[in-house]
Every structure is written in structure tokens, then in C-alpha cells.
Amino acid sequence: MSETRNEQEEQRRIKLAEIRAMGVEPYPPTFGKTHDAHAILDGFSPDAAADYATVAVAGRIMALRRMGKATFCHIQDQSGRIQIYFKRDDVGEQAYDVLKKLDLGDIIGAEGYVFSTQTGETTVYARSFTLLTKSVAMIPLAKEEVADDGTVTRYDAFADKEQRYRKRYLDLIANPNIKNTFVTRSKVISAMRRYFDDRGWLEVETPILQPLYGGATARPFVTHHNALDVELYLRIADELYLKRLIVGGFEGVYEISKNFRNEGMDKTHNPEFTSMEIYVAYKDYLWMMDMTEHLLNSLVQEVHGGSTVSVDGTEISFAMPFRRARMFDLFEQYTGMQLRGLSRQELVEAAGVIGVSVDPTWSAMKILDEIFSERVEEHLVQPTFVMDYPVEMSPLAKAHRSEPGLVERFELFINGKEIANAFSELNDPIDQRERLEEQARIRAAGDDEAMIVDEDFLHAIEVGLPPTAGLGIGIDRLVMLLTDNTSIRDVVFFPQMRPERSGDHHA
RNA sequence: GAUUCCGUAGCUCAGCCGGCUAGAGCAUUUGACUUUUAAUCAAAGGGUCCUGGGUUCGAGUCCCAGCGGAAUCACCA
């Protein structure tokens, strides 16, 4: 860390020394806080003043108005802001001298009674106060003007996205409204846990450091274990381990998993991201579809208190049942063409008719994928289960019970984006081996994102995986949807950033 | 990875066609003020104009390269 200090930061260190010289400890160990700001603002009325005759609040000073022998300040705690009024004659001359040394950003506690000022603002009238933490670094300050109708105008807000992501703690202080996003994120995850736990499914932990990576198609991060002198990979998915646990006899397991993929970064991709995968024995993808829509409906109820969510101006309804459509029916609906069973060459021609440009080197699957994202996805605004994918696209999904060439798989699309992916899990060991060996051939042909053959996983399938349904949900994207954010960086506290050059980063 | 835009005080931003000592508001310091609220009034201090080259009598401004960010596109969840 560079130690360049500006004039204002030097000034704060001087004040810190002066406060100590007055015999006041600027970093005391505890404070007996009794109320959140929000609780006082909600509960207080002049009639109920007796209930607020003694309160203790604590928080960071966000606004300071000194008027000679009286001072007003606003402190911000986790619930919001509240004003505190100090009068020299009431807190005492010595304490008031300490008050004069306080700055924006300092954390204080105040004890007193609640009253309503001449202008009608609910305020804590301080009988005493305690400096809890002296801040010696500058915080970006956002002044707020609250109009009569309650609208809040912010001035000089901390707006630099780069700094907001790099120094999220400042962002949370200066833009406290973003806390709502992260609170919702937390609620979504805890509600999901509760949903699964209530049904008897077991939360488990599987390796993040894996000797072989699998369960998805992506490039991994590689690391090295010194003692074993082996390469290890940060997991790209936990699917293959969770299935081993079903083989081992658990009948319902789930994991909320940080996964790592060594790919590009943009507003929907962070190198580490959170997904939830769940596997339930003796169930199929149709059962999983019912479970998924019920789960999401419950989550939306819990975080929004209804079944609709507004995303980018569009109302999304999570009312059950969600739309269900087979993939090739969607192709027919939105392109007017029946694409099932077409050869690669026929697909190239079909793409030409539809008006989707394809690269001549692409495989049949890649062409289908392209047509789907160009012509179908945009229509899947309301929650839609897309069912029954071609087998080549899904090396871990079970062959369809009645449709040759397809697998029992669904993806859930909402607002044109994939939120969940599920299959009846492939448990035929002969089929599974052939599919992974086909992936190995694709890989040998140059696609370094194709899956690799994991012999131990195949052995587990040979031992016997019962009929099982599996589901994966992208938590970050789900949270983006439920909080109306368009960038993954706004739903992750500390998104990955390119390191700053040393010397450039002055805090 | 490609394209476009951005980087000036702690924060938010001006800075024209290249031309005096680089500006404003908030914040900071000093003074006044015992119900203010973007408090107010008076005065003062504060700059690696992202970095490095180049053009020029002269560069915050123009050119080149680099660094960092944002948006759009391509790929991946």
C-alpha cells in the first residue's frame, strides 16, 4: 500500500492524537446499542415519546452541521440514517470539545431520548456520546436532500464504477441502497437451503480442488499441490462428485458451490461464480420440473411477497405452472421450420433460409445452438422450460424414454436467459462411457472445452447410479433477475478486477 | 479478442480552436452561530491533469504507445 496522504488525512491523524491527549480512547471495545435507526424512525411518535426516553444508537457520521454550541449530525447504521442533536450545555463542555474533533466517517454511539425537531424530523437528543472509531481515511461523501414528498436526491454520490467494485466497503457506505441487492441474495440462498432441508435433502461439500475436472464444458484454473507434486484443478462444476454420493446411497444431496472457469469476463460472467446443484434419487426430469417451478415460486414469494418480478421494465410472472415446450417445437414455432433429424448439411441450408449466418466449420449442434440463441431465446421472456435436447448436446443426460436421438433434459429460460439446467441423469454405464469417449475425441480434435474421461466417475456409474434427477441453478443470474440488475458485478460483493499497478493505487 | 467512449483536488464535474499562476460545488482549515438539515456567512489551504514518448516557441488540450475502467459485439453459465 502506498502511504501518500493528503492534507485531509493528515488533519485526521492530528485530531486523533489530540483526542488521545484529552484522555479519550478513540477505539473502545464495545458499545451498548439498543436501537436501529430504522426502528426509532418507524416507532416514534410524540404520543409514544415515553417509550423512547432512553435509547442508544450507533453508526457512522454521514452528515455534520455544527452551529456553535449546538451540533446536528446524521449517523448511518445497517438499517438507515438518523439524526442526533447535541447541545454543549447538555453533553458537557469537555465532551463537546471532543465532538469538535469528529469528522465525517467517524463511528459514534449516542445515548439520549427521542424527540421531534421544529422541522418535524425524528431525532435523538443526546445526553452523552462515545467515540467508537476514529476514521483517518477519507470516505466519498454523498449528501442527501430529502424533499417533502420523501424523494431523496443524492449529491456528489460515489459513482466511479471501478472504485465501487474495487472498494466495495466504500460503496456500501456511500450507496447504502445497494445493500438491498445483497440482502436479497442472502435471502434467496437461505430460502433455497430451507426449502431443500425441509424436504430431507442433505447439504454436502465436495472437493474444490479436483485432480480431474468435469461436469461442464469449460477451461479450468490449474494449480499445483507441492506435497503430492500434482496438478490440481479448481472445480468447474460439482456434478460428478454429487452423483458419486447418490451411488453411495444418499437419496437427495445438494451443494451451493463456488465454481471457477478460466474464461472471459463480462457482465454475465465472473471467473468465480455460485451455482446450486441438487440430485434426487428415483426421480426424473419431469418431477424436477415440478420441483423447480415450485421452488422458484416460493423464493419469489419469500423475497418479493408476490409472484411477479419487474425486470428491466418487464413484468415476469412466476405463477405456476410455467410454460413447457419441447426444443424442436420452439424451433418450429419461431422459425417456421422443422429441424429435428436434419443432417449437418441440411441444417446449414435451413440456417440460410432462416437468415442465421453460420460458420462453415461449425458442427450440427453448434448450428442448432446458434439458431436457438438467435431466433428462439428472445421469445422466452416469461419462465419457460425448454425440454428434450439432442443427445450430442448433453453427454451426462439420460436418453429420452420415447424420442430417439433426444435426451431427458430441460433448461429454464427467463427473460431470454438460461437460469437452470436439469436432466434425468444418465445411469447406463455403457452409454455413459461411449458419450465421454466421444467427448474425448472432440477434445483430441482440438476443442479444449470438451469433457475429459474420468475413469473413477465411470466406475461409480458401473457400480450403479439409481434413477436420479439432477438440477443446476445459476445463483448469480437468478439474483440478477430478482434484483433487476444487468451486471453480475452488481450482485457479487467483490467481483474479479484486473489488479491495479503498484504505485497507482492510492487509497 | 474487436470497436467506441472515459481517466483533471478526498467526491461530483467544468476546462472552447493549443496560449497568463489549471477552475467550481461539496469536503478540509480558521472565525461567527444553542432546533439545523444539500445549514448559513466570512476567509484560507489543497493538483504526478492515469503513465511514458512525440509534435510545438508553448500541451490538461493534438499525435503514438501503454495502464485501468465502462458500453456494445463475439465466446463461455
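Order of the sequence lines sets the chain letters (A, B, ...), proteins ahead of strands, with each chain counted from 1.
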Inter-nucleotide [atom1] distance ([N], [M]), Å rounded:
N     : M     : atom1 : answer
B:U72 : B:U36 : C1'   : 48 Å
B:A2  : B:U61 : C1'   : 28 Å
B:C6  : B:G45 : P     : 34 Å
B:G23 : B:G60 : P     : 13 Å
B:C16 : B:U8  : P     : 15 Å
B:G10 : B:A27 : C1'   : 7 Å
B:A24 : B:G15 : C1'   : 11 Å
B:U34 : B:C20 : C1'   : 48 Å

Just how far, in rounded Å, is [atom2] of [N] from [atom1] of [X]?
X        : N     : atom1 : atom2 : value
A:Lys267 : B:A71 : NZ    : P     : 7 Å
A:Asp171 : B:G10 : CG    : P     : 19 Å
A:Lys69  : B:U35 : NZ    : P     : 11 Å
A:Gln11  : B:U28 : CD    : P     : 10 Å
A:Asp103 : B:C26 : CG    : P     : 18 Å
A:Tyr113 : B:U35 : OH    : C1'   : 11 Å
A:Met138 : B:G10 : CE    : P     : 9 Å
A:Phe158 : B:A9  : CZ    : P     : 14 Å

With sugar-phosphate meaning primed atoms plus P, OP1 and OP2, does [X] contact a base, only sugar-phosphate, or nothing at under 4.0 Å between heavy atoms?
X        : value
A:Phe86  : nothing
A:Leu104 : sugar-phosphate
A:Arg489 : sugar-phosphate
A:Asp89  : base
A:Asn262 : nothing
A:Asp266 : base
A:Lys417 : nothing
A:Thr217 : sugar-phosphate
A:Glu272 : nothing

Return a table of donor-acceptor pairs under 3.5 angstrom between the side chains of residues 106-113 of chain A and protein atoms on other chains or two or more places apart.
unit_1: A:Asp106; atom_1: OD1; unit_2: A:Ser135; atom_2: N; d: 2.8
unit_1: A:Asp106; atom_1: OD2; unit_2: A:Asp103; atom_2: N; d: 2.8
unit_1: A:Asp106; atom_1: OD2; unit_2: A:Lys134; atom_2: NZ; d: 2.8
unit_1: A:Glu111; atom_1: OE2; unit_2: A:Arg127; atom_2: NE; d: 3.3
unit_1: A:Glu111; atom_1: OE2; unit_2: A:Arg127; atom_2: NH2; d: 3.0

With sequence neighbours excluded, tell me which residues meet side-chain hydrogen bond (donor to acceptor under 3.5 Å, both in side chains) with A:Gln83. A:Arg65, A:Thr123
Holding to ring pair (Phe, Tyr, Trp, His ring centres under 6.0 Å), I want the full list of residues that pass it with A:Phe129, two or more places apart in sequence or in another chain. A:Phe86
Report the base-pairing partner of [N] (Watson-Crick or G-U wobble, both distances below 3.5 angstrom), or none.
N     : value
B:C41 : B:G31
B:A70 : B:U4
B:C26 : B:G10
B:C16 : none

So if I define the base as every atom that isn't primed, P, OP1 or OP2, how would nucleotides 38-47 of chain B read as a B/S/- string at a heavy-atom cutoff under 4.0 Å? BB-----BS-
side-chain contact (heavy atoms from CB on, under 4.5 Å) filter on A:Ser116, not counting sequence neighbours, yields A:Phe44
Can you tell me whether the side chain of A:Gln83 and the base of B:U36 have a donor-acceptor pair closer than 3.5 Å? yes
Where each residue is assigned the nucleotide of RNA chain B containing its nearest heavy atom, which of A:Gly120 and A:Arg219 is assigned the position nearer the 5′ end? A:Gly120
Any carboxylate oxygen within less than 4.0 angstrom of a Lys/Arg side-chain nitrogen, looking at [X] and [Y]?
X        : Y        : result
A:Arg12  : A:Glu10  : no
A:Glu272 : A:Arg261 : no
A:Arg324 : A:Glu293 : yes

Please tell me whether A:Thr468 and A:Glu425 have a donor and an acceptor in their side chains that are separated by less than 3.5 angstrom. no
NZ or CZ of A:Arg409 within 45° of A:Tyr389 ring axis and under 6.0 Å: yes
Residue pairs, two or more places apart or on separate chains, that pass ring-ring contact (aromatic ring centres under 6.0 Å, His included) and touch residues 470-494 of chain A: A:Phe182-A:Phe493
Between [options], which nucleotide has the shortest distance from any of its atoms to the side chain of [X]?
X        : options             : answer
A:Arg166 : B:G68, B:U36, B:C75 : B:G68
A:Thr123 : B:U12, B:C76, B:U36 : B:U36
A:Tyr85  : B:U34, B:A70, B:U12 : B:U34

